[in-house]
Amino acid sequence: MDFQLTEEQRRIQERAREYAGRELAPRAAERDRTEAFPEQELRDLGRLGLLGVNVSRELGGSQAGVVAYSLAMQEVAAVDASVAVAMAVTNMVAEVVSTFGNEAQRRAHVPHLCSGEYVAGAFALSEPQAGSDPAGMTTRAIRTADGWRLDGTKQWITSGDHAGLIVVWAKTDPQPGAKGISAFLVRRGTPGLEAGKHEDKMGLRGSTTVPLILEDCRVGPEALLGKEGDGFRIAMMALDGGRIGIASQACGVARTAISACVAQLRAEAGPGSGRMDPGGDDDPPLCELGEFGAPRAPQQAFQLRLADMATELDAARLLTLRAAWLKQSQQPFSREASVAKLYASEAAGRICDAAVQLLGLAGYGRAAGVERLVRDVRVQRIYEGTSEIQRIVIARTLLKEGGR
């Protein structure tokens with residue numbers, strides 16, 4: 001693995017950083033407060049080539065690779081994780097269709113996903129009783145004279161009420177379990193497809209999460225993605241790549257939490273105080289008084305915890321970029337993606353929690369922006385496979401490979 005970024009990777013990273021700082025940052029807190037869906041922002045990301053970073057230029061993507069995608073995700077998530085999750089799912093759907101779709105499907109849908117014309121893509125796999133176990137889904141797809149009829153309910157679908165294209169998984173044969181699952185491409189507005197009430201979520205409140213109700217939803221034969229019975233394999237391969245996206249989100253959010261702590265420490269130290277310099281003349285006080293006179297961590301303890309946070313973030317970023325590089329190099333990456341997702345999401349949770357503790361009551365309030373990070377980062381240990389599922393994947397691989 002080359003630790004030096006290519007010119008193209010750096011260009012994608014800088015493009016995402018510049019847009020996030022200029023356009024996303026000023027209204028991030030407002031989107032969280034009002035639960036405003038970032039439709040225009042997603043269209044902008046499409047115009048900038050950030051909705052199909054790992055999709056070929058022929059289909060409207062940037063063709064910049066998985067490492068560039070991870071870097072772009074980190075930059076967007078560092079400013080607004082709600083926008084980042086919609087961006088992540090849209091990239092994932094564009095990749096799924098470009099990888100598993102036939103030529104007609106690729107031409108019909110991928111350019112519209114990459115450009116932002118579809119606004120977003122959605123990934124309809126989970127169901128009320130089938131989250132971590134997709135094989136337990138009950139949504140059915142029955143073959144008809146002119147295509148397929150879909151019936152069932154999907155749950156926790158990111159951007160499900162705004163997406164121009166939704167990949168829907170359903171059982172075409174209930175007997176073989178996972179082998180009886182197929183995937184279908186369903187356009188927004190298809191009769192029989194309805195979005196339910198928005199989830200009132202703890203975090204990512206600028207990203208809509210809805211149930212999808214399919215009732216006598218009719219699609220043509222061209223809607224089948226891949227072959228009948230290929231759905232489970234398609235979903236698992238997509239989720240492997242999706243875990244790189246979630247790990248990248250976690251790294252971005254954690255970076256912002258650390259930056260908030262660094263800014264506070266520098267502001268308190270002040271120029272020439274010596275309080276940030278171990279060799280300075282002024283000894284740090286035993287205890288700082290935070291907002292309302294509440295005792296807070298000593299300066300030295302603050303710095304030690306900050307060093308641990310930065311070390312955890314570095315480890316998370318390296319694990320994430322390793323998985324991205326392996327996927328980009330077309331090498332096996334499933335275990336590495338699970339390792340990255342598990343470590344980055346849990347480390348980011350610890351980092352954001354520590355940021356609130358270090359900032360004291362100021363961190364607990366909304367003005368510092370850190371409490372939003374705590375709310376946004378929590379779900380990253382749940383979606384795209386819970387931490388428990390990642391541990392199972394990692395352990396199974398170790399047992400299969402003899403601990404290598």
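Index from 1, following the sequence.
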Salt bridge (charged side-chain N to carboxylate O under 4.0 Å, His left out) between R10 and E7, intermediate numbers included: CA-CA 5 Å; R10 190 176 293 105; E7 183 61 35; 3.6 Å; yes
Separation between CD1 of I166 and CG of L193, rounded to the nearest 0.5 Å: 5.0 Å
Rounded distance [0.5 Å steps], CG in L225 versus CD1 in I234: 4.5 Å
Over all atoms of both residues, closest heavy-atom pair of G160 and A122: CA-CB, 4.2 Å
Check: E199 main-chain N/O paired with T209 side-chain donor or acceptor under 3.5 Å: no
Polar side-chain atom of Q13 near backbone of L71 as donor-acceptor pair, under 3.5 Å: no
Heavy-atom side-chain proximity of L204 to T158 below 4.5 angstrom: no
Donor-acceptor contact present, side-chain E346 to main-chain R381, <3.5 Å: no
All salt bridge (Lys or Arg N to Asp or Glu O under 4.0 Å) counterparts of E18, not counting sequence neighbours: R22
H162 and F37 aromatic ring geometry - parallel, tilted or perpendicular at 30°/60° bounds: parallel
Side-chain donor or acceptor of R255 paired with backbone N/O of L313 under 3.5 Å: no
Pairing residues for D161 by the salt bridge (Lys or Arg N to Asp or Glu O under 4.0 Å) criterion, not counting sequence neighbours: none
Separation of E384 CD from Q390 CD (nearest 0.5 Å): 9.0 Å
With Y19 via ring-ring contact (aromatic ring centres under 6.0 Å, His included) - residues at least two apart: none
pair S182-L224: side-chain heavy atoms closer than 4.5 Å: yes
Sub-4.5 Å side-chain heavy-atom contact between R149 and D216: yes
Value rounded to 0.5 Å, distance of CZ in R366 from CG in D32: 6.5 Å
Polar side-chain atom of S62 near backbone of A64 as donor-acceptor pair, under 3.5 Å: no
Heavy-atom pair with the smallest gap, counting every atom of L113 and G121: CD2-CA, 3.8 Å
Under 3.5 Å donor-acceptor, K154 side chain and T139 backbone: no
Distance-only polar pair, side chains of R317 and Q74, donor-acceptor under 3.5 Å: yes
Value rounded to 0.5 Å, distance of CG in D44 from CG in L50: 10.0 Å
Smallest separation among heavy atoms of W169 and A183, with atom names: NE1-CB, 3.7 Å
Derivation of the side-chain contact (heavy atoms from CB on, under 4.5 Å) call for T99 and M237: CA-CA 10 Å; T99 300; M237 292 180 69; 5.8 Å; no
Which residues share a ring-ring contact (aromatic ring centres under 6.0 Å, His included) with W156, sequence neighbours left out: none
Check: R140 side chain, K171 main-chain N or O, donor-acceptor pair, under 3.5 Å: yes
R305 vs M309 side-chain heavy atoms within contact, under 4.5 Å: yes
Closest heavy-atom pair and its distance - I157, A124: CD1-CA, 3.6 Å
OG1 on T172 to CD on E228, rounded to 0.5 Å: 4.0 Å
Residue pair R205 / D200, side-chain heavy-atom distance below 4.5 Å: yes
Verdict with supporting geometry, D230 and K227, salt bridge (charged side-chain N to carboxylate O under 4.0 Å, His left out): CA-CA 5 Å; D230 276 355; K227 296 179 182 178; 5.8 Å; no
R15 (side chain) donor-acceptor with L48 (main chain) under 3.5 angstrom: yes
T90 to A120 - nearest heavy-atom pair and separation: OG1-CA, 3.4 Å
Side-chain donor-acceptor contact under 3.5 Å, E95 with N91: no
Residue pair E35 / H198, side-chain heavy-atom distance below 4.5 Å: no
Flag for T138-E127: side-chain donor and acceptor within less than 3.5 Å: yes
Sub-4.5 Å side-chain heavy-atom contact between Y118 and H109: yes
Greater than 12 external heavy atoms within 6.0 Å of E8's CD: yes
Check: V66 and F333 side chains under 4.5 Å, non-hydrogen atoms: no
Listed partners of E215 passing salt bridge (Lys or Arg N to Asp or Glu O under 4.0 Å), at least two apart: none
Heavy-atom pair of closest approach, residues E75 and A20: O-CB, 3.8 Å
Donor-acceptor contact present, side-chain S345 to main-chain L342, <3.5 Å: yes
Within 6.0 Å of CD in Q331, more than 12 heavy atoms from elsewhere: yes
Sidechain-backbone polar pair: K341 side chain, G245 backbone, donor-acceptor under 3.5 Å: no
By salt bridge (Lys or Arg N to Asp or Glu O under 4.0 Å) - contacts of R107 (at least two apart): E58, E103
